[in-house]
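This report refers to the structure that appears directly beneath it.
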Number of protein chains: 2
Amino acid sequence: MRLIMARCEVAYTGRLSTFLPMGVRLLMIKADGSVQIHSDGGGSKVKPQNWMTPPTVIDIEGDPPHRIEVRKRKGSERLEITIDEVLADVSHDADVESALEKDGVERDLQELLAARPAQCGEGFRLVRREWPTDIGPVDLMCREPGDGWVAVEIKRLGTIEAVEQLARYLERIRLDPATADCRGVLAAQVIKPQARVLAQSRGIACVEVSLEELRGSREPDLQLFSA
Amino acid sequence: MRLIMARCEVAYTGRLSTFLPMGVRLLMIKADGSVQIHSDGGGSKVKPQNWMTPPTVIDIEGDPPHRIEVRKRKGSERLEITIDEVLADVSHDADVESALEKDGVERDLQELLAARPAQCGEGFRLVRREWPTDIGPVDLMCREPGDGWVAVEIKRLGTIEAVEQLARYLERIRLDPATADCRGVLAAQVIKPQARVLAQSRGIACVEVSLEELRGSREPDLQLFSA
DNA sequence: ATATACATCTCGAGA
DNA sequence: TCTCGAGGTGTATAT
């Protein structure tokens with residue numbers, strides 16, 4: 001990783017055109033060929049003001065560098081950095097291996113709910129995860145106590161988009177006479193008020209579920225024995 | 001801006017939980033209180049492996065630092081950095097003023113199409129930009145040669161979501177008898193194949209528009225005189 | 001402060 | 001290679 005603190009101006013042309021006037025910024029060039037330009041807050045906070053994702057071709061002219069050109073290996077994007085003054089220029093070997101371990105993403109929620117389908121609705125029994133439709137898989141397909149079908153869409157955050165997505169699935173599922181009666185349930189850790197309203201008008205039920213409670217709860221089968 | 005190259009491990013708890021095992025990484029602490037941790041490619045390229053957006057409270061323990069704790073000023077997010085070895089630690093004053101000038105974002109596209117509505121469809125005349133509905137404004141409302149209404153949704157990239165959004169607007173617009181016959185047109189620089197298919201089934205027309213051609217074309221009025 | 005929509009979104013999985 | 005969907009999305013704007 002090469003870090004250059006420099007007074008520079010930056011022009012990007014590609015998906016759109018941008019220009020960043022002369023000023024002091026950090027140029028970060030990673031081993032994978034990605035490049036990013038950071039100011040000290042101001043406009044951008046965590047996002048770089050300019051960047052290019054790999055694969056790239058990087059052309060550094062001069063030592064100390066006075067011009068850096070970054071091009072995408074495929075496509076016509078170009079980042080042109082004109083350097084007035086280099087204040088610092090260091091290289092370090094940083095870690096490239098260890099992966100970030102995540103816990104609590106949508107996948108985890110889906111696994112927990114697949115093991116405890118009754119948390120999505122009274123008496124729900126899981127028929128299958130990732131139930132296929134011709135526009136993609138529904139997260140959970142269950143049956144209610146009366147044997148009616150229920151499609152469950154799982155999200156961390158329940159939005160209007162999630163409701164629309166489930167509505168699209170339901171359209172397809174109901175085309176099959178075998179599942180023509182299928183209901184829809186949106187299960188999420190948090191459900192936005194507007195999503196709730198739209199779900200209501202689309203006849204879709206909403207359930208908020210807590211990761212902690214799911215983790216704490218025993219499996220339904222075990223609860224039977226412990227009761 | 002403070003840049004620390006360090007062998008460290010990072011634990012984040014908040015919206016979810018993550019853990020990053022010991023390894024050499026760049027810690028970037030900006031003047032605005034934002035913090036980001038970059039590896040040298042690998043998993044993340046342009047995105048930091050961990051980060052926190054301002055406003056934050058940053059607690060740096062030791063000199064050289066052996067532990068850094070970052071907390072959100074509001075909420076319960078926490079980033080805990082345990083440092084084994086500091087390889088470099090420098091501070092610089094980077095630019096915080098100058099704004100990035102952009103050209104070619106959706107706003108620009110909307111302005112150009114508002115001035116040249118016929119690019120969205122033969123003989124379209126603009127009635128108004130940002131036509132209000134009770135769920136948000138439609139980008140352009142036009143009339144066709146036969147005086148029928150057309151709602152135009154403008155995107156840089158035409159996706160399924162864009163089609164659904166326009167479909168929601170059309171639902172509302174058609175509730176008003178005055179505009180019950182309203183058609184829909186999705187105008188974008190690029191339209192995804194799946195979006196095209198969904199648009200077809202929703203009775204929504206698709207138009208791909210080029211920023212360059214829009215810029216190059218004269219206004220319809222001027223073309224009349226030049227012809 | 002909250003809600004909404006854009007983004008050079010980025011990034012990974014799957015076909 | 002392309003397409004689709006998730007993201008600790010981030011970020012700005014309007015309410």
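Chain letters run A, B, ... following the sequence lines, proteins first, then strands; residues in each count from 1.
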| Reckon B:W51 has a side-chain N or O less than 4.0 Å from the OP1 or OP2 of D:dG10? | yes
| Under 4.0 Å: is that the gap between some side-chain N or O of A:K155 and OP1 or OP2 of D:dA6? | yes
| task | Decide, yes or no, whether a salt bridge links A:R128 with A:E130 under the criterion of side-chain N to carboxylate O below 4.0 Å. | result | no
| message | Which nucleotide wins on minimum distance to the side chain of A:E153, given the candidates D:dA6, D:dG8, D:dT11? | response | D:dA6
| query | Among D:dG8, D:dC4, C:dT8, which is the nearest nucleotide to the side chain of B:K192? | reply | D:dC4
| request: May I ask you to check if B:R143 and B:W149 form a cation-pi contact, with NZ or CZ under 6.0 angstrom from the six-membered ring centre and within 45° of the axis? | output: yes
| Does B:E208 pair with B:K155 as a salt bridge, N-O distance under 4.0 Å? | no
| query | Looking for any heavy atom pair under 4.0 Å, which part of the strands does B:K72 touch: base, sugar-phosphate only, or nothing? | reply | nothing
| field | Under-4.0 Å salt bridge between B:R215 and B:E213 | value | no
| remark: Whichever of B:K74 and B:Q165 has the more 5' nearest nucleotide on DNA chain C, that residue is B:K74
| query | Contact class for A:S17 (heavy atom, under 4.0 Å): base, sugar-phosphate, or nothing? | reply | nothing
| request: Determine the interatomic distance between P on C:dA5 and the same-named atom on D:dG8; round to the nearest Å. | output: 22 Å
| task | Any strand is fair game: report the nucleotide pairing with C:dT8 by Watson-Crick or G-U wobble, both distances under 3.5 Å, or none. | result | none
| Can you tell me if the side-chain N/O atoms of A:K47 get under 4.0 Å from OP1 or OP2 in C:dA7? | no
| Pairwise P distance for D:dT11 and C:dC11, with rounding to whole Å | 15 Å
| note | Between A:R15 and B:I154, whichever has its closest DNA chain C nucleotide further toward 5' is B:I154
| message | Within the 4.0 Å heavy-atom criterion, would you say A:M52 contacts the bases, only the backbone, or no part of the nucleic acid? | response | nothing
| request: Have a look at B:E161 and say if it touches a base, only the backbone sugar-phosphate, or nothing, with a 4.0 Å heavy-atom cut-off. | output: nothing
